[in-house]
Protein chains: 2
Amino acid sequence: MAGTNRQTVYATLRRKVLTMELQPGAPVSENELAAALGVSRTPVRESLILLAEEGLIQVFPKVGSFVSRVDPVRVADAQFLREAVELTALDDLPTVLDPALLAALDANLSAQDRPGIDLEEFFALDEEFHHGLLQLSGHGAAWATVSAAKGHLDRARRLGLHEASPPTLNAAQHRAILDAVRTGDLTAARAAMRTHLRAVFDDVERIRAQSPQLFASNDGSTPVRRNVVVWD
Amino acid sequence: MAGTNRQTVYATLRRKVLTMELQPGAPVSENELAAALGVSRTPVRESLILLAEEGLIQVFPKVGSFVSRVDPVRVADAQFLREAVELTALDDLPTVLDPALLAALDANLSAQDRPGIDLEEFFALDEEFHHGLLQLSGHGAAWATVSAAKGHLDRARRLGLHEASPPTLNAAQHRAILDAVRTGDLTAARAAMRTHLRAVFDDVERIRAQSPQLFASNDGSTPVRRNVVVWD
DNA sequence: CGACCGCAGCTTGTATACAAGCACACGCAC
DNA sequence: GTGCGTGTGCTTGTATACAAGCTGCGGTCG
């Protein structure tokens with residue numbers, strides 16, 4: 001495992017943060033990660049810098065690096081950004097929709113409905129679905145920006161889907177959106193999209209009330225080592 | 001100048017790219033930059049990685065790093081993103097506006113009207129104005145994402161203001177937006193904002209016709225060393 | 001027993017050394 | 001003259017060495 005490059009290290013760390021395998025508040029030492037991944041500090045450090053840029057990691061010089069707590073402000077930001085982009089994109093839907101994209105979206109929805117679907121698999125399909133909707137209106141490239149900005153939102157959503165809302169509900173909302181888009185009913189599409197995104201946001205608020213220790217405190221003051229998550 | 005840290009290096013390089021001091025297509029060697037800035041490769045390299053993430057730098061492993069050409073696709077993306085965010089934010093304007101923010105925006109507009117204003121100074125004021133508008137509706141934090149995504153747009157705009165549209169026109173449009181916002185005329189505010197953002201986009205298209213060599217070609221194929229900008 | 005001071009061990013930040021690979025120029029063969 | 005092969009010099013990618021600093025533990029003194 002010694003020949004790993006930075007992209008792999010970055011992808012691995014990002015996945016571990018987003019899937020909560022690395023819990024919010026947990027310390028991440030460059031040396032430890034390097035040893036664990038079988039590489040030197042350099043690619044690990046460069047990956048941490050990128051993750052810090054996304055807000056998923058907090059670096060305190062000469063002290064340590066820590067997985068960011070889920071920041072309600074950033075969650076709200078990502079939610080606003082996502083809603084703005086996805087709703088505005090609906091305005092730019094062409095009159096005739098790309099049949100290939102529509103077919104892919106249908107297949108995606110079918111996969112979402114599979115009975116014993118895994119949580120992470122559902123998440124991947126969810127990402128692909130929203131990305132596909134953007135592509136349908138010719139703004140697929142904007143997804144990269146949205147995706148990068150919604151790391152905090154994703155972590156909060158995972159908590160919500162873990163403990164609360166079943167994927168079935170989300171899948172039904174997805175189908176409602178696609179149906180409205182396909183029939184060209186822009187008003188209904190916007191309403192369905194808004195309902196869906198707001199439901200996601202409500203899930204986040206609910207899980208925040210249940211597990212406040214995973215979220216950042218009100219003030220943005222420096223949370224140092226004593227702030228690591230201790231479960232009991 | 002040896003005690004420079006990475007943030008300074010990053011800020012310096014980003015400024016040089018955005019102001020066209022480092023022209024699109026120009027090669028940027030880690031060693032050269034390190035020597036020029038009086039630091040080692042490490043902070044330079046880390047800065048280049050961040051700039052690559054923003055799309056301002058292209059890194060070709062074992063070959064070289066180059067300032068990205070202005071990519072029309074990314075320009076359009078940034079334009080769409082910006083329009084979506086700024087227009088959607090107008091929907092969330094509170095009934096009573098923060099007086100301090102309004103005063104700051106007024107002062108900003110006055111500064112924009114100063115006769116012999118410098119181009120870069122106008123750009124800073126422009127950024128501050130749009131950021132302030134977002135703050136007015138409580139979504140100031142979203143500006144960071146927009147700002148990071150619109151590097152290509154900014155470079156194109158700079159070209160446009162250099163050679164075409166005078167800052168006076170932009171300042172007038174800014175004032176129209178703020179007036180509509182202040183009087184609570186949401187429809188007029190959206191219209192003024194849309195007019196302004198579309199005018200910016202038209203400037204970009206015009207300058208693209210004039211100086212196509214600064215823009216990326218249609219295909220996204222690898223532009224290597226022979227593709228550096230040679231002026232004549 | 002409590003407060004305070006100092007050192008040990010960790011952290012990140014920076015500089016440097018080594019590895020691997022591509023592009024271009026030079027020279028040779030035809 | 002033209003085409004091809006080889007070598008040199010550059011590039012980025014990775015590993016390691018050194019620098020500076022904060023934290024927390026332990027000893028010591030009051």
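Below, chain A is the first sequence line, B the second, and so on; all start at residue 1. Nothing here was measured: the structure is a model prediction, and the numbers come from that model.
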So, is B/Asn31 close to the D/dT11 phosphate, meaning a side-chain N or O under 4.0 Å from OP1 or OP2? yes
Take atom [atom1] of [X] and atom [atom2] of [N], then tell me their distance rounded to the nearest Å.
{"X": "A/Leu50", "N": "D/dG13", "atom1": "CG", "atom2": "P", "result": "12 Å"}
{"X": "B/Phe66", "N": "D/dT11", "atom1": "CZ", "atom2": "C1'", "result": "9 Å"}
{"X": "B/Arg41", "N": "D/dC18", "atom1": "CZ", "atom2": "P", "result": "19 Å"}
{"X": "A/Leu48", "N": "C/dT11", "atom1": "CG", "atom2": "P", "result": "12 Å"}
{"X": "A/Arg6", "N": "D/dA15", "atom1": "CZ", "atom2": "P", "result": "13 Å"}
{"X": "A/Gln58", "N": "C/dT11", "atom1": "CD", "atom2": "P", "result": "18 Å"}
{"X": "B/Arg45", "N": "C/dA15", "atom1": "CZ", "atom2": "P", "result": "15 Å"}
{"X": "B/Glu32", "N": "D/dC10", "atom1": "CD", "atom2": "P", "result": "10 Å"}

Nucleotide nearest [X] when distance is taken to its side chain, options [options]:
{"X": "B/Ser29", "options": "D/dT12, C/dT12, C/dA15", "value": "D/dT12"}
{"X": "B/Pro61", "options": "C/dA15, D/dT12, C/dA23", "value": "D/dT12"}
{"X": "B/Ser65", "options": "D/dT12, D/dA15, C/dT12", "value": "D/dT12"}

The helix from C/dC1-D/dG30 to C/dC30-D/dG1: angle between its terminal axes, five pairs each, to 10°?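 Axis-to-axis angle, ends of the helix: 10°.
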Sidechain-backbone polar pair: B/His152 side chain, B/Gly55 backbone, donor-acceptor under 3.5 Å: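 Checked: pair present.
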Given DNA chain D, 5'-ward residue of the pair A/Lys62 and A/Glu46, judged by closest heavy atom: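 Per heavy-atom nearest nucleotide, the more 5' residue is A/Glu46.
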All pairs passing salt bridge (Lys or Arg N to Asp or Glu O under 4.0 Å) where residues 52-67 of chain A contributes a residue, at least two apart: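 The answer is A/Arg14-A/Glu54.
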Classify the nucleic acid contact of A/Val28 as base, sugar-phosphate or nothing, counting any heavy atom under 4.0 Å across all strands shown.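 Sugar-phosphate, backbone atoms only, no base.
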According to side-chain hydrogen bond (donor to acceptor under 3.5 Å, both in side chains), who are the partners of A/Arg41, at least two apart in sequence or on a separate chain?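 Applying side-chain hydrogen bond (donor to acceptor under 3.5 Å, both in side chains) to A/Arg41 gives A/Glu30.
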Under the side-chain hydrogen bond (donor to acceptor under 3.5 Å, both in side chains) rule, collect the residues that match up with A/His174, sequence neighbours excluded. A/Gln112, A/Asp126, A/His130, A/His196
Closest approach of B/Asn108 to B/Glu128 (non-hydrogen atoms, all atoms of both residues):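 Of all heavy-atom pairs spanning B/Asn108 and B/Glu128, the closest is ND2-OE2, 3.2 Å.
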With sequence neighbours left out, what residues match A/His131 under side-chain contact (heavy atoms from CB on, under 4.5 Å)?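 With neighbours one apart ignored, the set is A/Gln135, A/Trp143.
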Let me know, please, whether A/Glu30 or A/Thr42 comes out on the 5' side of the other along DNA chain C by nearest nucleotide.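 In this pair, the answer is A/Glu30.
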With sequence neighbours excluded, what pairs up with B/Glu32 under the salt bridge (charged side-chain N to carboxylate O under 4.0 Å, His left out) test? none
